[in-house]
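Each chain gets a letter, A, B and so on, in the order its sequence line appears, and its residues count up from 1. What you see is a predicted model; the values in this text were computed from it and never measured.
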Protein chains: 2
Amino acid sequence: MQDDAWSPTPVLLTVDLVILTLRQGDLHILLVERGEDPFRGMLALPGGFLNHDGEEILDAAHRELNEETALASSWVHLEQLAVYGDSGRDPRGRVVSVAHLAIAPGLPDPVAGTDATDAAWVPAEAVLSGERELAFDHRRIATDGIEHARTKLEYSSLATAFCGEQFTIAELQQVYEAVWGTALDTRNFYRKVQAAKGFIIPAGTDRRTTGGRPARLYKAGPKTVLFPPLTRPAPPATGQTTTGGDE
Amino acid sequence: MQDDAWSPTPVLLTVDLVILTLRQGDLHILLVERGEDPFRGMLALPGGFLNHDGEEILDAAHRELNEETALASSWVHLEQLAVYGDSGRDPRGRVVSVAHLAIAPGLPDPVAGTDATDAAWVPAEAVLSGERELAFDHRRIATDGIEHARTKLEYSSLATAFCGEQFTIAELQQVYEAVWGTALDTRNFYRKVQAAKGFIIPAGTDRRTTGGRPARLYKAGPKTVLFPPLTRPAPPATGQTTTGGDE
DNA sequence: CCAAAAGTGTTCAATCTACACCCATGA
DNA sequence: TCATGGGTGTAGATTGAACACTTTTGG
């Protein structure tokens, strides 16, 4: 990082959010309908420019998140994902976006955005498959974000961010099954999450019942890195040499 | 990502590089001595502002890499790490840096920078321990980059980027040992790297000898994601509950 | 033939998977 | 007392760490 004689060209910074949650057992992503002109009327990730003077990037992400979900920041996991800065990605000029991943516990159905024309939860599958078109390079960003979440479930405590403050192990399992799109053995899942010490810790003597034996309640533990990790079942190897092309 | 009435504040974008290589069996990082005024004379990561008109971020990283190492881009692994944009990180104003991780095969000793006053390979340990002070928030960036490389060796083929086009399994093992700072069993390492199909593939009938039986030569295979992964030995658990504090 | 480094076989323990089984509650 | 989901035990397969041993070269 050193200066040169020429003065460097400034760019515009935006913050875009991949906000994920679970709804009726399926992974959903929050999208807004654009009210302004580049891509007006098309679905896009929530986000916006950095505020006037010296707003921190992470603060801007939090601000946008609250504008869209009206959720107490404390319950939401928020982390930086990557930068998307291709010169052609925004017709308005050189706009560089810092993408963030946010995970929220299940929210009430319709989220009327304060800012955007309209905001809605869309099944993640519809975005991954390309069924829903997105503005800018947002499909790419959303795909990257979802993939990031998938792998991070394995070795981090990210899954608890999908639950409320307290949750049962069965609820936690639903998170894994929804995000990974696979079924897991309930009984082995039990032991695995408990084997990762510090992942979840018992919460009071409370229980919650849905027809059978009441389940113990847990809350997120102090550890964010899981050991041993929860391994994702390998896809069933479709007769090919391995699992299709690579690199 | 939607517009507002006010016009957004532009920021300056830089690209900073964490360039790692192996030298005499130890992990080294390339640092330059700053010739310009903020932090003049202090060590810093190689990097610089984006070029005049619409240079792509990745292109800028490649450009800076070549200026510093004069290495054919094709042999170097280069990927984006993260964005560092805290408002106080650069005394010149709002400068946002896109950090990159570069891995290069061992290079000839002195790398006389074209741009910087001086460039030198510094043992990674000296940076991690804080023994060497770095300009800006570059120690943080370097630390993050090294940690990123460490974990990525486990599940990706990143290690081959430290070797030349062809390498022996013993050389590959040295990479793991140097980056992780642990000793590995040669014989089990053999089977593990070969079990991860597509990681390394035999290169011709060539062999290379250093005193004993000649070793087979390999080159990087098509797969970038390793399955099964090479797991890093857990640190010996120092009698504490687990491995020290967390979160 | 000896030293040195490459590569193979084998053992024993830890782990994982699959599934049988018991437990606690509401109706 | 039955249905329903929560939670535990356990046998067999798979994997992993440790280490003896064989192979191939140069001196």
Side-chain angles (χ1 to χ4, degrees), chain A residues 24-25 153-155 159 163 166-178 180 182-197 199-219 226-237 242, chain B residues 25 153-155 163 166-178 180 182-197 199-219 226-237 242:
Chain A
Q24 301 108 236
L153 280 199
E154 294 194 54
Y155 63 89
C163 306
Q166 301 194 340
F167 48 87
T168 66
I169 294 187
E171 283 163 2
L172 194 60
Q173 182 180 347
Q174 284 170 30
V175 171
Y176 278 88
E177 294 187 329
W180 284 349
T182 57
L184 301 172
D185 184 295
T186 319
R187 301 154 292 187
N188 292 335
F189 184 80
Y190 254 79
R191 278 176 289 232
K192 283 192 177 179
V193 292
Q194 308 220 357
K197 299 235 188 93
F199 180 17
I200 57 172
I201 55 182
T205 54
D206 260 319
R207 279 143 191 268
R208 186 181 298 177
T209 176
T210 46
R213 169 175 174 176
R216 297 179 202 150
L217 283 176
Y218 293 84
K219 57 186 182 185
L226 304 189
F227 189 84
L230 298 183
T231 49
R232 172 159 42 157
T242 34
Chain B
L153 280 200
E154 295 193 53
Y155 63 88
C163 307
Q166 301 194 340
F167 48 87
T168 67
I169 294 189
E171 284 162 2
L172 193 61
Q173 181 179 349
Q174 285 170 31
V175 172
Y176 278 87
E177 294 187 328
W180 285 347
T182 57
L184 300 172
D185 185 294
T186 318
R187 302 155 288 186
N188 291 334
F189 184 81
Y190 253 80
R191 279 177 289 232
K192 283 192 178 182
V193 293
Q194 307 221 353
K197 300 234 187 91
F199 180 17
I200 57 172
I201 54 182
T205 53
D206 259 318
R207 281 145 188 267
R208 186 181 298 178
T209 177
T210 47
R213 169 176 175 174
R216 300 180 200 147
L217 283 177
Y218 293 84
K219 57 185 181 185
L226 304 190
F227 189 85
L230 297 182
T231 49
R232 169 159 45 158
T242 34

In this structure, how many angstroms lie between the [atom2] atom of [N] and the [atom1] atom of [X], rounded?
X        : N      : atom1 : atom2 : answer
B:Glu171 : C:dA5  : CD    : P     : 13 Å
B:Arg232 : D:dA17 : CZ    : P     : 15 Å
B:Gln174 : C:dA6  : CD    : C1'   : 14 Å
A:Leu172 : D:dG5  : CG    : P     : 19 Å
A:Leu217 : D:dG5  : CG    : C1'   : 15 Å
B:Phe167 : C:dA6  : CZ    : P     : 15 Å
B:Tyr218 : C:dA6  : OH    : P     : 12 Å
B:Ile169 : C:dT8  : CD1   : C1'   : 13 Å

Partners of [X] by side-chain hydrogen bond (donor to acceptor under 3.5 Å, both in side chains), sequence neighbours excluded?
X        : answer
A:Gln194 : A:Tyr218
B:Gln166 : none
A:Arg232 : none
A:Tyr155 : none

*asked:* When you compare the side chain of B:Leu184 with that of B:Pro233, does any pair of heavy atoms fall below 4.5 Å?
replied: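 Yes; the side chains approach each other to less than 4.5 Å.
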*Separation of B:Ile169 CD1 from B:Leu217 CG (nearest 0.5 Å)*: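 Output value for this atom pair is 10.0 Å.
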*Once each nucleotide of nucleotides 18-27 of chain C is scored for protein heavy atoms under 4.0 Å, what B/S/- sequence comes out, 5' to 3'?*
BBB--BBS--
*Output all residues satisfying ring pair (Phe, Tyr, Trp, His ring centres under 6.0 Å) with A:Phe189, sequence neighbours left out; order by chain, then residue number.*
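Partners of A:Phe189 by the ring pair (Phe, Tyr, Trp, His ring centres under 6.0 Å) criterion, ordered by chain and then number, come out as A:Tyr176.
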At a cut-off of 3.5 Å, list every protein nitrogen or oxygen paired with a nitrogen or oxygen from nucleotides 12-16 of chain D, distance to 0.1 Å.
none

*asked:* Test of understanding: with side-chain contact (heavy atoms from CB on, under 4.5 Å), list the residues that count as partners of A:Thr186, not counting sequence neighbours.
replied: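 side-chain contact (heavy atoms from CB on, under 4.5 Å) check on A:Thr186 returns A:Gln173, A:Tyr190.
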*Does B:Arg191 have any salt bridge (charged side-chain N to carboxylate O under 4.0 Å, His left out) partners at least two apart in sequence or in another chain, and if so, which?*
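None.
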